[in-house]
K.L.:
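Structure below; questions to follow.
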Amino acid sequence: MNKNEKFVITINRELGSGGRTVGRLLAERLQVKYYDKALIEQLTKKFNLSVEEIERIKGQKKTWWNEFNNYYKMLNSTVKPMEAETVISNNILFNTEKEILTTLAEEESCVVAGRSGFLVFRNHPNHLNVFIEASTEHRIERLMRKQNLQREEAINIINKVDKDRETFIKKYDDTSRYDTRNYHLIINMDELSEEGAADVIMSYINAQNKQ
């Protein structure tokens, strides 16, 4: 990935691994936009976006983009992450979010957490796909701490989300989100902080740009 040209970094992660936080930290360091489930859903509602509407507003990009940027700044400081998220199963909504993300990526560099990013940006000319994972125990403990859950609740949520996410990927492509060939970099969080993981990704990017 060439960081001196327009780029997209996707952070695909296991629930409870801390990948969303890693993505946000990385975007801050690179000084680019950061998008995740909560932000994209709020943007979709605010602008009443559909695939057709996105195509229409591309013709008046400047006006829409200015309004979007102002709304994004407000959302980025107020929307709370949804750690125990559900997985989108609606084809129309998936295609709309895909169109939103690809349109935003046409404008400027960004970091995208989740949203099946490795599929959405598979053919992007300048992208980096990262997968953030952790042991089951690490994930359970983090989810319990972050969401104030009992152990059994955390286990049930993790199992459900893991299953739903894998089913979701299978619906749109003949691959698995656990297939390492979908990623350039895989990071295990058991011995790393979110800051440490962001350091690893930055080192990887810098190494690439020295070649």
Side-chain angles (χ1 to χ4, degrees), residues 1-3 5-13 15 19-28 30-76 79-83 85-132 161 164-165 168-173 175 177 182-185 201 205:
M1 187 196 85
N2 186 347
K3 67 178 181 180
E5 297 179 0
K6 197 180 299 180
F7 62 80
V8 176
I9 299 175
T10 71
I11 305 293
N12 304 274
R13 74 273 184 266
L15 179 67
R20 191 191 303 274
T21 302
V22 173
R24 186 179 294 278
L25 290 171
L26 186 63
E28 291 174 359
L30 292 167
Q31 297 184 313
V32 299
K33 293 283 176 59
Y34 165 82
Y35 302 110
D36 63 11
K37 176 184 174 68
L39 282 166
I40 293 300
E41 285 190 349
Q42 288 296 317
L43 290 169
T44 303
K45 291 175 184 177
K46 164 68 177 179
F47 292 100
N48 192 29
L49 296 177
S50 65
V51 174
E52 293 75 18
E53 178 66 7
I54 292 167
E55 288 301 315
R56 187 186 71 79
I57 61 180
K58 282 181 178 178
Q60 45 186 328
K61 185 184 301 182
K62 185 174 181 180
T63 301
W64 177 79
W65 188 248
N66 288 340
E67 184 180 353
F68 161 79
N69 269 318
N70 291 333
Y71 189 64
Y72 171 88
K73 291 175 184 177
M74 182 274 289
L75 277 182
N76 205 34
V79 175
K80 296 180 179 180
M82 295 181 290
E83 190 70 62
E85 66 185 56
T86 56
V87 177
I88 295 172
S89 59
N90 184 293
N91 282 350
I92 295 175
L93 186 54
F94 170 73
N95 289 329
T96 298
E97 290 198 347
K98 178 179 179 180
E99 190 71 18
I100 291 171
L101 287 172
T102 53
T103 298
L104 296 175
E106 288 173 3
E107 296 291 339
E108 58 186 344
S109 298
C110 59
V111 174
V112 178
R115 323 316 305 137
S116 305
F118 76 88
L119 285 181
V120 172
F121 294 106
R122 173 179 287 172
N123 297 317
H124 191 280
N126 191 32
H127 72 283
L128 174 67
N129 290 339
V130 181
F131 187 67
I132 306 292
V161 171
D164 287 349
R165 285 182 178 174
F168 180 73
I169 294 299
K170 295 288 187 183
K171 182 176 181 179
Y172 291 99
D173 197 270
T175 188
R177 70 192 187 104
N182 289 318
Y183 310 104
H184 301 92
L185 184 62
I201 299 171
I205 293 171

K.L.:
Going from NZ on Lys3 to CG on Leu128, what distance comes out if it is rounded to the nearest 0.5 angstrom?
P.N.:
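Atom-to-atom, Lys3:NZ and Leu128:CG are 12.5 Å apart.
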
K.L.:
Give the minimum heavy-atom separation between Val112 and Phe121, together with the two atoms involved.
P.N.:
CG2-CE1, 4.0 Å

K.L.:
Do Leu26 and Val130 have side chains that approach each other closer than 4.5 Å (heavy atoms only, starting at C-beta)?
P.N.:
no

K.L.:
With a 4.5 Å limit on heavy-atom distance, are the side chains of Asp173 and Arg122 in contact?
P.N.:
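Yes, side chains in contact.
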
K.L.:
Once rounded to the nearest 0.5 Å, what's the spacing between atom CD1 of Ile201 and atom CD1 of Ile11?
P.N.:
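Going from the CD1 atom of Ile201 to the CD1 atom of Ile11 covers 4.0 Å.
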
K.L.:
Go through Thr10 and Val120 one step at a time and tell me if the side chain to side chain contact (heavy atoms under 4.5 Å, CB included) criterion holds.
P.N.:
CA-CA 9 Å; Thr10 71; Val120 172; over 6 Å; no

K.L.:
Any donor and acceptor pair, going by atom type alone, linking the side chain of Arg177 with main-chain N or O of Asn182 inside 3.5 Å?
P.N.:
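No: the side chain of Arg177 does not pair with the backbone of Asn182.
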
K.L.:
Kindly give the heavy-atom pair with the smallest separation between Ile169 and Ser116, and that separation in Å.
P.N.:
CD1-OG, 3.8 Å

K.L.:
Identify, with sequence neighbours excluded, every residue that meets ring-ring contact (aromatic ring centres under 6.0 Å, His included) alongside Tyr183.
P.N.:
Phe118, Phe131

K.L.:
So do the side chains of Val32 and Glu108 get within less than 4.5 Å of each other, counting heavy atoms only?
P.N.:
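A side-chain contact is absent here, since even the closest heavy-atom pair is not under 4.5 Å.
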
K.L.:
Find the distance between CG (Leu25) and CG (Leu30) and round it off to the nearest 0.5 Å.
P.N.:
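Rounded to the nearest 0.5 Å, the CG-CG separation comes out at 11.0 Å.
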
K.L.:
Check side chain to side chain contact (heavy atoms under 4.5 Å, CB included) between Lys6 and all other residues, then give those that pass, not counting sequence neighbours.
P.N.:
Ser109

K.L.:
Should Arg13 and Val22 be marked as a side chain to side chain contact (heavy atoms under 4.5 Å, CB included) after you check the CA-CA gap, both sets of side-chain angles, and the distance that decides it?
P.N.:
CA-CA 10 Å; Arg13 74 273 184 266; Val22 173; over 6 Å; no

K.L.:
Is any side-chain heavy atom of Leu101 closer than 4.5 Å to a side-chain heavy atom of Val8?
P.N.:
no

K.L.:
Taking the side chain as every heavy atom from C-beta outward, state whether Lys33 and Leu104 have any pair of such atoms under 4.5 Å apart.
P.N.:
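Heavy-atom side-chain distance check fails, nothing below 4.5 Å.
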
K.L.:
Could you list the residues that satisfy side-chain hydrogen bond (donor to acceptor under 3.5 Å, both in side chains) with Asn126, not counting sequence neighbours?
P.N.:
none

